[in-house]
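Working notes for the structure below.
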Amino acid sequence: MKKAIIYYSKTGNTESVVKKFENVDLLEVKSESNDPYQKKVNLTETPDIKGYEHIIFASPVHAFQNCRVMQAYLNQLEDLKGITIDTFVTHQFRFSWLGGLQALKQMRKTIESKGGEVRYHKSINWKSHKREQDIQEMIELY
Ligand SMILES: Cc1cc2nc3c(=O)[nH]c(=O)nc-3n(C[C@H](O)[C@H](O)[C@H](O)COP(=O)(O)O)c2cc1C
């Protein structure tokens with residue numbers, strides 16, 4: 001099954017996680033600006049999803065939401081029907097309800113609006129002492 005991780009990472013945490021996956025294409029979303037509060041996002045790299053049967057979308061949480069760059073990327077996608085989709089976010093605050101869950105919910109809503117379905121989702125707490133274990137379990141599941 002052709003598999004890709006489509007990700008955005010501002011400070012490198014999310015990127016360090018996606019690099020732990022094996023046998024998967026890593027496709028980075030890029031924007032003209034990395035300002036987390038940019039009003040209008042101008043995407044400069046929009047990975048092509050054509051041909052992928054399994055896609056993992058990964059991004060950081062910014063201000064209790066999905067980061068704006070990944071959200072802008074998801075918004076411009078057209079059809080996600082028939083693709084196996086998983087998502088994960090990385091975040092810093094102690095509890096996943098301080099942003100992580102909201103970001104995952106926002107991603108799910110956008111994915112569903114394009115006809116897609118999210119199979120698994122996960123928030124990785126960067127401050128957690130069991131971060132590495134959580135990452136490994138996610139990699140095995142996805
Ligand atoms: C502007 C900004 C806002 C953030 N807001 C949140 C937040 O609401 N909740 C949270 O848990 N972490 C928040 N964080 C922490 C990041 O989500 C966390 O450090 C993440 O792992 C960064 O991923 P990256 O290195 O891939 O960019 C924020 C970070 C930044 C820079």
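All values derive from a computational prediction rather than experimental measurement. Numbers for residues simply follow the sequence, beginning at 1. Atoms within a ligand are numbered from 1 in the order they appear, just like the ligands themselves.
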For this session: I would like to know whether Ile6 and Ile55 meet side-chain contact (heavy atoms from CB on, under 4.5 Å); could you show each step before the answer?
Result: CA-CA 7 Å; Ile6 298 182; Ile55 299 176; 3.9 Å; yes
I need the atoms of ligand 1 closer than 4.0 Å to a non-hydrogen atom of [X], numbered in the order shown.
X     : value
Pro60 : 20 (C), 22 (C), 23 (O), 24 (P), 27 (O)
Gly12 : 24 (P), 25 (O), 26 (O)
Thr90 : 17 (O), 20 (C), 21 (O), 22 (C), 23 (O)

For this session: For atom 8 (O) of ligand 1, grab the closest protein heavy atom and report residue, atom and distance to one decimal in Å.
Result: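 Protein heavy atom with the smallest distance to atom 8 (O) of ligand 1: Phe64 N, 2.7 Å.
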Exercise. Is Leu98 touching ligand 1 with its side chain, its backbone, both, or neither, if touching means heavy atoms under 4.0 Å apart?
Worked result: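 Leu98 to ligand 1: backbone contact only, side chain stays beyond 4.0 Å.
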Problem set entry | Location of contacts on Pro36 toward ligand 1, heavy atoms closer than 4.0 Å |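 Answer for Pro36: side chain.
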For this session: Look at Glu132 together with Lys20 and state whether they make a salt bridge at an N to O cut-off of under 4.0 Å.
Result: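 Here Glu132 pairs with Lys20 in a salt bridge, since their nearest N and O are under 4.0 Å apart.
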Exercise. Would you call Asp48-Lys50 a salt bridge at under 4.0 Å N-O?
Worked result: no
Any nitrogen or oxygen of [X] lying under 3.5 Å from a nitrogen or oxygen in ligand 1? Just yes or no.
X     : answer
Tyr8  : no
Phe93 : yes
Gln65 : no
Lys10 : yes
Asn13 : yes
Tyr37 : no

Exercise. Do other residues, nucleotides or ligands put more than 12 heavy atoms under 6.0 Å from the CD atom of Glu78?
Worked result: no
For this session: Give me the ring orientation class for Phe57 and Tyr73: parallel if the planes are under 30° apart, tilted from 30 to 60°, perpendicular past 60°.
Result: tilted
